Protein chains: 2
Amino acid sequence: MADNGARNSRSAERRDAILSAAREVFIETGFEDARIAEIGRRAGIAEGTVYLYYKTKTVLMEAVLADFWEGLTQGAGDTTARHSAPLEQLRALADYHLTGVIRDLPFLDLAAKLRKAYSIDPQTRDRLRAYVAVFDAVYQAGISTGAFRDDLPLWIPRDMFYGTLEYSARTIALREAERPTGVVDNLIQAFQRTYGPAPTESLSEALIERLERAVEKIDPTPG
Amino acid sequence: MADNGARNSRSAERRDAILSAAREVFIETGFEDARIAEIGRRAGIAEGTVYLYYKTKTVLMEAVLADFWEGLTQGAGDTTARHSAPLEQLRALADYHLTGVIRDLPFLDLAAKLRKAYSIDPQTRDRLRAYVAVFDAVYQAGISTGAFRDDLPLWIPRDMFYGTLEYSARTIALREAERPTGVVDNLIQAFQRTYGPAPTESLSEALIERLERAVEKIDPTPG
DNA sequence: GTGTCATGCTGAGATGGTCTCATTATTTTG
DNA sequence: CAAAATAATGAGACCATCTCAGCATGACAC
């Protein structure tokens, strides 16, 4: 049926029009104050029509967020692909994440608004998983090249990574400050020192002294 | 006026009754689904009366949250006061924070729901400040005893501290897992390695080898 | 071109919540 | 104990989401 295709594409266009109108309105006003009537108006359709495409306001919001996560995940993958050393990949990912989160903090707050107190809907959970999988891949690769420790569950460094960045993003946004330097550098440094390969057994100061005295005796020229 | 006191205390009792009914209902149902009528019912008063004490539902929620933050801050101060070594204070604080946040995650989600996209109300900001000030005090004390580096802005370690813990709390809650061990230990280790005093210049492996060979010659008994 | 059918769209109104305020009850005061 | 001041009530104003009976549009047969 030729018309079927046409019909479908018309229908898809409408869906998109609603989605981008919704995106605008949600960002401008937040979830509560967003009016379906206004979204319909901007999409050029009646209020009731919005409900033909998205059952409820919450479902519409979820669709908007799904779009957002998808884009973010895509970008994160592209970013890490431009580097090869694990620490540099992490640095790039951290930079990308911080930038994106600061830019789209309103979105994340909207996401938080949908979260039920005790649970998260499975779709959102999957999207979040897909996003953090970018970090996981980098870290795993780093383990296999010996750049990172392998004696910890993966989620421990992951939580430190995303937790620090998200909290910093919020701090920065609340201060309404320019993005300060040092956040990413410091995080990478912390990573290197904490999750880098186990340091060669560190020498006690006493031992070092004993060694130095002994060496002095048999070979007084400095190393 | 003797009666004035009585009136005030009666009034204060009502306020408290509303507040604790509200606390219950908000936790059970979340912000949106909480019904003022239900809060009134549990406080033993009419719906309209709730509005005499709290102008709007949002204001009521803010009052509930203020209570929560106050208790958390109090507990954090008490907890750190039971230790003296900076790292042990941080460990205790981390443990307290993680426990509290996991227990009261629904509250934090409610708090997130009130947050406007671009701003935070000054009162909430002050309460948050008061809470993180507990960390700040420990860290500052640690700097003055030489336990921590002083070449970084305070908010960098602070964001890593709270960011990691909050993200971990969420991860743990979403997995519906028992609280795993290692989160706090790992954070403290990362802190020590990243923010502890600059390590004594580390010895190169070559140098260590040379020292060991030399010692072997003059003193074959192991250290 | 026109009748028939399927499908899409509409917006008035049902529903259900927050919040108001005229009225009623209670407490304080002289 | 009457009068004045204060507190509490709950019916209903108001305004949002969401529904659904009816209207518009376009494909197809003839």
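Note that this is a predicted model, so its numbers are computed, not measured. Chain naming here is simple, since letters A, B, ... match the order of the sequence lines and numbering starts at 1 in each.
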Side chains of [Y] and [X]: any donor to acceptor distance under 3.5 Å?
X         : Y         : value
Asn186(B) : Tyr195(A) : yes
Arg179(B) : Thr99(B)  : yes
Arg35(A)  : Thr29(A)  : no
Thr171(A) : Asp159(B) : yes

Please report, rounded to the nearest Å, how far the [atom2] atom of [N] is from the [atom1] atom of [X].
X        : N       : atom1 : atom2 : result
Arg14(A) : dT25(D) : CZ    : P     : 12 Å
Arg15(B) : dA8(D)  : CZ    : P     : 12 Å
Glu38(B) : dG17(C) : CD    : P     : 12 Å
Phe31(B) : dG17(C) : CZ    : P     : 15 Å
Ile18(A) : dG8(C)  : CD1   : P     : 13 Å
Glu32(A) : dT17(D) : CD    : P     : 11 Å
Asp33(A) : dT18(C) : CG    : C1'   : 13 Å
Arg41(B) : dG10(D) : CZ    : P     : 14 Å

Where does the angle between the aromatic ring planes of Tyr139(A) and Phe148(A) fall among parallel (under 30°), tilted (30 to 60°) and perpendicular (over 60°)? parallel
Taking every heavy atom of Ala94(B) against every heavy atom of Leu187(B), the minimum-distance pair comes out as CB-CD2, 4.4 Å
Could you please name the option among dT10(C), dA8(D), dT17(D) that lies closest to any side-chain atom of Ile36(A)? dT17(D)
Look at the side chain of Lys57(A) and decide which nucleotide, out of dC9(C), dC18(D), dG17(C), has an atom nearest to it. dC18(D)
Does dC15(D) have OP1 or OP2 under 4.0 Å away from a side-chain N or O of Arg35(A)? no
With heavy atoms under 4.0 Å as the rule, sort Tyr53(B) into base, sugar-phosphate or nothing. sugar-phosphate
Pairs under 3.5 Å (N/O, protein and nucleotides 20-25 of chain C):
none

Does a salt bridge link Arg127(A) with Asp67(A), judged by any charged N lying under 4.0 Å from a carboxylate O? no
